[in-house]
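Structure, as structure tokens:
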Amino acid sequence: MRAHASHDAAKCQAGHGHPERLRRLRPEAPQTGHEQNQTACHEISCKPRLHRQREPEADPGAKKDRHPGKQDTPRIGHRPRQPPQDAPAHRHLVSGPPLAYQMPNASAPMVSERLSRMTGHVVTRFAPSPTGYLHIGGGRTALFNWLFARGRGGKFLLRIEDTDRERSTPEATAAILRGLEWLGLDWDGDVISQFERRDRHAEVAHAMLARGTAYKCFSTREEIEAFRAEAEAKGSYAVFQSPWRDADPATYPDRPFAIRMKAPREGETVIDDQVQGRVVIKNETLDDMIVLRSDGTPTYMLAVVVDDHDMGVTHVIRGDDHLVNAARQQMIYDAMDWSVPVWAHIPLIHGPDGKKLSKRHGALGVEEYQVMGYPAAGMRNYLTRLGWAHGDAEFFTSEQAMEWFDLKGIGRAPARLDFKKLENLCGQHIAASDDAALLHELEAYLAVANLPALSEHQRGLMLAGMSSLKERAKTFPELLEKARYILTTRPVARDEAAEKALDPVSRGILASLTPRLRNASWTKEDLEAILTGTAAEHGLGFGKLAAPLRAALAGRTVSPSVYDMMLVIGQDETIARLEDAAA
RNA sequence: GGCCCGUUCGUCUAUCGGUCAGGACAUCAGGUUUUCAACCUGAAGAGAGGGGUUCAAUUCCCCUACGGGCUACCA
């Protein structure tokens, strides 16, 4: 149980999960890529070895066959019913006739080809493990996958890596789906449960056995630990080498065995990563990992590969804590003669202090940001920009992000969360929002923040005042503060500063104002004439009159424009509040 | 310990050997103003350190330092 705690955070960020056992998915649209990024690979291999270069975005591909599995999938949840306000409508794919699982090398189904073309050959996925809330880093990983797929007419799938039965909970799965829905990241098809696919994983492990790319290992945990202890004692750290790798089946004992990958011991495995460049891992540093445990359950390494392959995933975009794992996984793809997906390992997000993001940095869960009142569009913009750039573009809509998002724009260094910038962007998005849509999102915020809902009357006023309110708020709590003049009722509660602004002289002026307001036509022009006129008569600048007016109308010295407030709450209410204050 | 990844203003980043190293947020100073927000102008602010390669390095290579990851019958 070493280093477990720290492990978890990274895991969540990576949007990856624990694998272990499962079964099948039900792609409604089987994929069958046929291209390969050979060109890219080619160019690369010609480059000097250490000269790391980003490749042009490779086309996913399937150099061999790519066939999806198909079955009824255990559905964990449905995609959000409403696409985000600024997201394109969902693309529904026609589902072809059910396809049975096929063993490697089976010819690709026609349906797959057609659908592949329709979807631009791009299929991404987000694969969180349901052991808690949706981590902010995981949210960004999901966002990148979503943007990449949606921007290319591809598919964005969701798989829950719930193979760790001890730690996986339905509540966590629900929380993750809620987080994604709030962020506006809609996925295609049903949510896939990795656990449900465990039989298929085992099937592949046995297929590897049959192909001779895996072997039965009868070594016990004790033996392995002893091996390691001995190595450590000698100061070396050699990877475990099972004595059963090339053992004669005739010598197999009658006891449980694990299935281990027969990994190449020489040479190197090259990961062509779209973010990290060309990464070379020496095979001698990788062991013969176990793909199927002695109890018959699959390990994570196997499960991800099988699922990604069956789901037709073309681009694996995940946390860079999986970079080395990619080499191991690539060995499994090779062992099964499956085409390797395009890799893109993105750096994790760090806290403001540059350290790994942890609880002490405050908000970790995506839902916490929702409760803090950040609008989803602002979150998407900020998170997209965190670690990715498109020239000098800072403020943009999700449509633009989809159009611009690419793998080569992703940075290689971990980024830190900057709440100030988040707020600034959120403020811009709030200001740019449609009034009605904003009110709708505000009401959703009230619900999750456990605040009282708006009455019909309040909704009407809020809608009327929204155009001026939205220009001065960065978050929903701020918006509500500015809207206090609407949400409050007489007698208007005043804070200290407001009380101070209502000195005897000011009260007198307000009192003299009300008769004139009674005869006003209640247009901005008319009110302007009355107020500036009154201020002038008292030898005051308009600012001097505005202060007590704010105090009377909003109970604060900080508020929206006095004209906006008067026009929104109306003549009667305005006069009543002024009389209250003048009294 | 081994292997892998990373390191440009405080922060997010641009730059694909030759730039006054650009933008944004934040900060500071002015301006505007009906408070706040917004807005306008200006200022300050960066290539971790050291070696190479090159006519020329932020950019290519190496080393060091500092972060991070992997090294499980965890995910």
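To find a chain, count down the sequence lines: A is the first, B the second, and so on, and within it residues start at 1.
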Report the nucleotide, chosen from B:A72, B:C3, B:G6, that has the shortest atom-to-atom distance to any side-chain atom of A:Arg228.
-> B:A72
What integer distance in Å separates A:Gln330:CD from B:C4:P?
-> 16 Å
In the structure shown, which nucleotide is the Watson-Crick or G-U wobble counterpart of B:U35, with both distances under 3.5 Å?
-> none
d(CG, A:Asp288; C1', B:C73) in whole Å = 14 Å
Expressed as a whole number of Å, how far does the C1' atom of B:A21 sit from that of B:A46?
-> 9 Å
Qualifying residues under side-chain hydrogen bond (donor to acceptor under 3.5 Å, both in side chains), relative to A:Gln428, sequence neighbours excluded | A:Asn424
Considering only side-chain heavy atoms of A:Ser294, which listed nucleotide, B:U7, B:U35, B:C73, is closest?
-> B:C73
Checking all strands, does A:Ile281 fall into the base, sugar-phosphate, or nothing category for heavy-atom contacts under 4.0 angstrom?
-> sugar-phosphate
Just wondering, do A:Arg260 and A:Val291 contact through their side chains at under 4.5 Å, heavy atoms?
-> no
Applying the 3.5 Å cut-off to both distances, the Watson-Crick or G-U partner of B:A46 turns out to be none
Measure the distance from CD on A:Glu223 to P on B:C73 and round it to the nearest whole Å.
-> 13 Å
For A:Tyr374, ring pair (Phe, Tyr, Trp, His ring centres under 6.0 Å) partners two or more places apart | none
Tell me what A:Gly387 touches on the nucleic acid: a base, only sugar-phosphate, or nothing, going by heavy atoms under 4.0 Å.
-> sugar-phosphate
Measure centre to centre between the rings of A:Phe405 and A:Trp388, then say whether the value is under 6.0 Å.
-> yes
For B:G17, what is the paired nucleotide under Watson-Crick or G-U wobble rules, both distances under 3.5 Å?
-> none
Flag the pair A:Phe396 / A:His390 as yes when their ring centroid distance falls below 6.0 Å, and as no otherwise.
-> no
Of all the choices, B:A14, B:C70, B:C4, which nucleotide is nearest to the side chain of A:Leu323 once you look at every atom?
-> B:C4
Strictly below 4.0 Å, heavy-atom distances to any atom of RNA chain B: list the hits from residues 551-559 of chain A, or just say none.
-> A:Thr557, A:Val558, A:Ser559
Which part of the nucleic acid does A:Ser219 contact within heavy-atom distance under 4.0 Å: base, sugar-phosphate only, or nothing?
-> base
For A:Asp495, all residues meeting salt bridge (Lys or Arg N to Asp or Glu O under 4.0 Å), sequence neighbours excluded | A:Arg556
Atom-pair distance (CZ on A:Phe240; C1' on B:C73), nearest Å | 11 Å
Looking at the side chain of A:Arg416, which of B:C73, B:C12, B:C70 is the nearest nucleotide?
-> B:C12
With both distances kept under 3.5 Å, what pairs with B:C25, Watson-Crick or G-U wobble?
-> B:G10
May I ask you to say whether A:Lys420 pairs ionically with A:Asp418, meaning some side-chain N is under 4.0 Å from a carboxylate O?
-> no
Checking all strands, does A:Ala415 fall into the base, sugar-phosphate, or nothing category for heavy-atom contacts under 4.0 angstrom?
-> sugar-phosphate
Please identify each residue that fulfils ring pair (Phe, Tyr, Trp, His ring centres under 6.0 Å) with A:His538, with sequence neighbours left out.
-> none
Output yes when A:Arg484 and A:Glu481 qualify as a salt bridge under the 4.0 Å nitrogen-oxygen rule, no when they do not.
-> yes
Nucleotide of B:G6, B:G69, B:G67 approaching A:Gln276 most closely (side-chain heavy atoms) | B:G6
Within this structure, what is the CG-to-P distance between A:Asp273 and B:G69, rounded to whole angstrom?
-> 18 Å
Spacing of A:His350 atom NE2 relative to B:G68 atom P, expressed in whole Å | 7 Å
Determine which nucleotide pairs with B:U53, using a 3.5 Å limit on both distances of a Watson-Crick or G-U wobble pair.
-> none
Do you know which of A:Gln274, A:Arg318, A:Gln276 makes side chain to side chain donor-acceptor pair (under 3.5 Å) with A:His345?
-> A:Arg318
Round to the nearest Å and state the distance from A:Tyr485 atom OH to B:U35 atom C1'.
-> 14 Å
If we call it a pair only when both distances are under 3.5 Å in a Watson-Crick or G-U wobble match, what pairs with B:G1?
-> B:U71
What one-letter contact string describes nucleotides 16-33 of chain B from 5' to 3', where B marks a base within less than 4.0 Å of any protein heavy atom, S marks contact via sugar-phosphate atoms alone, and - marks no contact?
-> ------BBBBS-------
What integer number of Å spans the P atoms of B:G49 and B:U59?
-> 11 Å
For the pair A:Phe257 and A:Phe218, name the ring-plane relationship: parallel under 30°, tilted 30 to 60°, perpendicular over 60°.
-> tilted
When you compare B:G23 with B:U41, how far apart are their P atoms, in angstrom units rounded to a whole number?
-> 12 Å
Tell me: NE2 of A:His322 to P of B:G68, nearest whole Å?
-> 18 Å
